[in-house]
Amino acid sequence: MSDVLKIRRGTDIKLQGEAEKILTDAPQAESYAIKPTDFDGIKPKVVVKEGHEVKAGTVLMYDKNMEAVKFTSPVSGEVAKVKRGDKRKLLEIVILADKEIKYEDFGSADPNSLGREEIIKKMCDSGVWPFVRQRPYDVIANPEDKPKSIFITAFDSAPLAPDNDFIFHGQGALFQKGLDALAKLTEGKVHLTVDGSAGVDEAFTQAKNVVLHKVSGPHPAGNVGVHIHNFDPIGAGETVWTLNAQDVLTIGRLFESGKFDATRIITICGSQIKDPKYYKTILGTNTKKLFQDLAKHDQENRYISGNVLTGDKIDEDGYLGFYNYQLTAIPEGGEPRMFGWITPNPKKFSIHRSMVSWLQPSKKYELNAELNGEERPFVVTEEYEKVFPFDIYPVQLIKAIMVDDIELMEALGIYEVAPEDFALCEVVCTSKIPSQTIVRDGLNMLRKEMS
Amino acid sequence: MSNAIHKFIENKVKPSFDEGGKLEKFYPAYDALETFLFVPPHTAKKGAHIRDGVDMKRTMIIVVLAMIPALLFGMWNTGHQHFLATGEAATLMEKFLFGLIKVLPLVVVSYGVGLGVEFIFAIIKKHQVNEGYLVSGMLIPLCLPVDIPLWMVAVATIFAVIIGKEVFGGTGMNILNVALTARAFLFFAYPTWMSGDKVWIAEGTSAANNFADGSTGATLLAQATERSSGFVDAAGVAYGDTFWASFMGWIPGSIGETSVFAILIGAAILLITGIGSWKIMLSGVIGAFTMGLIFNAFAVNEFMEVPAHMHLVMGGFAFGIVFMATDPVTASQTSTGKYIYGFLIGFLAIMIRVFNPAYPEGVMLAILFMNVMAPLIDHYVIQANIKRRQKRAVPVAA
């Protein structure tokens, strides 16, 4: 059953600052936040006001498009701020945390004895539903849909990503509970994908109610889009739901204890982190204390919630995103380099052999956030294809999105991809085309047209 | 040091080009020069936080570097052919200097005029000056006969950059290879300067026709219309080994096209760096060889009897397939498409060359024709992909 799927097209960008496999408790932060900007395509409606007392699991806001989908507080405490930006766009709901977290009680239950509707209701009310995402569009799943299958990824192949085998060791029972719940949500299969290049933890191999797939190869081998494309491709009108394995643990805990316990294990990593390690923390944690203590401050840093490819730039005083399992710090950079377009520059990573990067395959880079060039029209061909393991023409798809040609986008396979699948394309692009943004805009536009 | 220079430019030079400055209109020109001196310090504002070290300038400059061997050889060969025709003895250095004096003005005019047009367009359309012309500017002189008047080069360059590129939206948007557009323009507008037996060897400065008796300026292709072997050089002496002479390049022809050896050095640079497509080059050679073999098999005239392998080293074939067919903007963009595109260029180039001796430069026409056809090839390749995926997507239950 579990032959290893080998992904060939892609690249692992080896960065300095990989987390050592030591798990520590992160100090409790003063505040935690839910960032509506983490959720593409929702219309948030806030139901709490500044000063309200909330528990972990208390509803903070819901989505006006899908009112069943609620977003709840990860900790207990007082709503400190509802932060808005331009045009009153909702940016953050900040909670000042209690020392001791109090939880809403949603009632523990054995998912095997519950029906589909009961499970969905429990997940929606407690706020774990947003962990379930869907393709097409790469947005929060609509609880009213019937997905043809569910994909759970336990293989994160992004640079400096956490190793789920390490995180999941000994968590088998809880994981199974979450899987049992999810298995009730689809009439199709639940697919679980793990890193096939190394030994697989028994939390995964012993898992029941799922089809286990081993995948190996360079990034984006761990992207769920690649798995769907290979194991159960999406056809017209079909929907697939996707989850990250760690969130299945959160769902498992909900059924185990009846609480929305948003604890997660993250890596705090990157070349600007002094002692990169694994930390146990809570969703939405404030990062100020963490970065102040752990980051090097010899130069300007770029702080990222998530990985260097798809993560969000945050301030030192920022918050861990809803779908992020890493906090990364790299140098910001931004030095003009004289004649930098011809010097060999061994410090820069490249998949192109016009730089010397290919002569040093085992080098671990200390990369900064420099663009290394200016945006240009497409010129170089077949470079995206090297890091894009889909039977899809990526550049042609991007161009179709640029000219708003809906029919062509559909024909070229936009429903199968998410911005994250284009992250490496964006990295290697000679013309510095912002392809993740373009794909996201295309998906949003399409979703609007289709509804 | 470099930081100090950058600060000086930022503080002293930039303000006059910024909004409200005296030279505001010329900002694109300033921008082009600044980014030539320094890779700008921009950091990623959205999307991936780390980026590949490569950029368009590096890519283009490497192509220019790849052409340098052909350029240097072309300079030497210009002198070599000249002294061969006049019957004078000359040292390597004398030949090279003679060629340098002949060729350099062409390069200067091509770059000067072409970049001038680019700058003007950048200023009018308020966009950045693109690097694409760096390559075109070198290709244009290399694919011309050495005695072409400079004003013609200037006119052709203006035509090529405006009609061939800018009207389509600039680099990355053009359909036809810019350098070949310039060459085709000259070929059809001033055919007497672009073909025949007189144009390939540089004349001296003193007398108009100081070539020795018995000398000939006919290229191998021109000679091949009459015979399939026994080719003679500029002095009228038969080559010992024509293939070798043609491979090494001491034959008359356009400046950069004669030496397959020098071109192969360039090809190696393009292939190692991955900038030139090996798919196009390989399939192009196979296409040309195939056509050559077909002609050999059904030969009814002398030209058709020219051995297939000779076709690969004669005329501009090697130069065209290495430097022009691989232009990523005008070539097919899909992997499968590149094989078809390259093969047909090789195939058609030899076909045109042999069937229509009035156009000995079949390569130019073949590439231009396939430039036009490339989007069509890609269209069908992509349609096949779309159909394949649609078939797969039919729900089993339905």
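Computed from a prediction, not measured in an experiment: that's the story for all the values here. Labels below follow one simple rule: chain letters A, B, ... track the order of the sequence lines, proteins then strands, and each chain is numbered from 1.
- Using a 4.5 Å cut-off between heavy atoms, B/Q128 touches chain A through its side chain atoms alone.
- Both the backbone and the side chain of B/I382 come within contact range of chain A, judged by heavy atoms closer than 4.5 Å.
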Would B/R58 and A/I342 count as a side-chain contact (heavy atoms from CB on, under 4.5 Å) if you check the C-alpha gap in whole Å, the side-chain angles of each, and the deciding distance to 0.1 Å?
-> CA-CA 6 Å; B/R58 178 181 299 265; A/I342 191 65; 5.5 Å; no
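- Interface residue B/I62: only side-chain heavy atoms are found under 4.5 Å from chain A.
- For A/P346, no part lies near chain B; criterion is any non-hydrogen pair under 4.5 Å.
- Partners of A/K364 by side chain to side chain contact (heavy atoms under 4.5 Å, CB included), not counting sequence neighbours, listed by chain and number: A/K14, A/Q16, A/E18.
- Within the 3.5 Å criterion, the main-chain N or O of A/G311 finds a donor-acceptor partner in the side chain of B/H49.
- Put simply, the side chain of B/N385 gets close to the backbone of A/D391: a donor and an acceptor are under 3.5 Å apart.
- Using modelled atom types, no side-chain atom of B/Q333 and backbone atom of A/T381 make a donor-acceptor pair closer than 3.5 Å.
- For B/S335, the parts lying under 4.5 angstrom from a heavy atom of chain A are both the backbone and the side chain.
- Taking chain A as the reference chain and counting heavy-atom pairs below 4.5 Å, the highest number among B/T35, B/I269, B/D378 is found for B/T35.
- Within the 4.5 Å cutoff, side-chain heavy atoms of A/S354 are placed close to those of B/I275.
- Across every non-hydrogen atom of A/M355 and B/V54, the tightest pair is SD-N, 3.6 Å.
- Side-chain contact between B/R51 and A/L367: absent, with no pair of heavy atoms (C-beta onward) separated by less than 4.5 Å.
- With sequence neighbours excluded, the residues satisfying ring pair (Phe, Tyr, Trp, His ring centres under 6.0 Å) with B/F343 are B/F347.
- Residues A/N372 and B/D52 are not in side-chain contact: their nearest non-hydrogen atoms beyond the backbone lie 4.5 Å or more apart.
- At distances below 3.5 Å, at least one donor-acceptor pair connects side-chain atoms of A/R353 with backbone N or O atoms of B/L271.
- A pairwise comparison of heavy atoms in B/V129 and A/R376 identifies O-NH2, 3.5 Å as the closest pair.
- In terms of heavy-atom proximity, A/P336 sits nearest to B/P41 at N-CB, 3.7 Å.
- Here B/K338 is the residue among B/K45, B/K338, B/K46, B/M60 with the most heavy-atom pairs under 4.5 Å with chain A.
- Between atom CZ of residue A/F339 and atom NZ of residue B/K57 there is a gap of 11.5 Å, rounded to the nearest 0.5 Å.
- Of the atoms belonging to B/L270, not a single heavy atom falls under 4.5 Å from chain A.
- More than 12 heavy atoms of other residues, nucleotides or ligands sit less than 6.0 Å from atom NZ of A/K363.
- For the pair A/E374/B/D31, a side-chain contact is recorded, criterion being any heavy-atom separation below 4.5 Å from C-beta on.
- When each of A/V308, A/N307, A/I304 is tested with B/I50 by the rule side chain to side chain contact (heavy atoms under 4.5 Å, CB included), just one qualifies, namely A/V308.
- Within 6.0 Å of NZ in A/K189 there are 12 or fewer heavy atoms belonging to other residues, nucleotides or ligands.
- Of the listed residues (A/Q436, A/E426, A/E385), the greatest number of heavy-atom pairs within a distance under 4.5 Å of chain B belongs to A/E426.
- In terms of heavy-atom pairs under 4.5 angstrom with chain B, the leader among A/I392, A/I13, A/T328 is A/I392.
- Minimum interatomic distance between A/A423 and B/A48 (heavy atoms only, all atoms of both residues): O-CB, 4.2 Å.
- In terms of non-hydrogen atom pairs under 4.5 Å with chain A, the most contact-rich of B/I272, B/T43, B/L37 is B/T43.
- Of the listed residues (A/F349, A/Y365, A/W358, A/F378), the one with the most heavy-atom contacts under 4.5 Å to chain B is A/F349.
- When the candidates A/A369, A/P434, A/P377, A/S435 are compared by the number of heavy-atom contacts under 4.5 Å with chain B, A/A369 comes out ahead.
- Here CD of B/Q390 is found 10.0 Å from CD of A/E410. Values are rounded to the nearest 0.5 Å.
- Annotation: residues 160-175 of chain B contacts chain A through B/T171, B/G172, B/M173 [non-hydrogen atoms, separation under 4.5 Å].
- The candidate from A/E332, A/K348, A/K148, A/K313 with the greatest count of non-hydrogen atom pairs under 4.5 Å with chain B is A/E332.
- Ranking A/Q396, A/E383, A/E375 against chain B, the residue ahead of the rest is A/Q396, based on heavy-atom pairs under 4.5 Å.
- B/D55 has no carboxylate O lying under 4.0 Å from a charged side-chain N of A/K432, or vice versa, which leaves the two without a salt bridge.
- Residues from residues 130-137 of chain B that place a non-hydrogen atom less than 4.5 Å from a non-hydrogen atom of chain A comprise B/N130, B/E131, given in numerical order.
- For A/W341 (side chain) and B/F36 (main-chain N/O), a donor-acceptor pair under 3.5 Å exists by modelled atom type.
- Both the backbone and the side chain of A/S431 come within less than 4.5 Å of a heavy atom of chain B.
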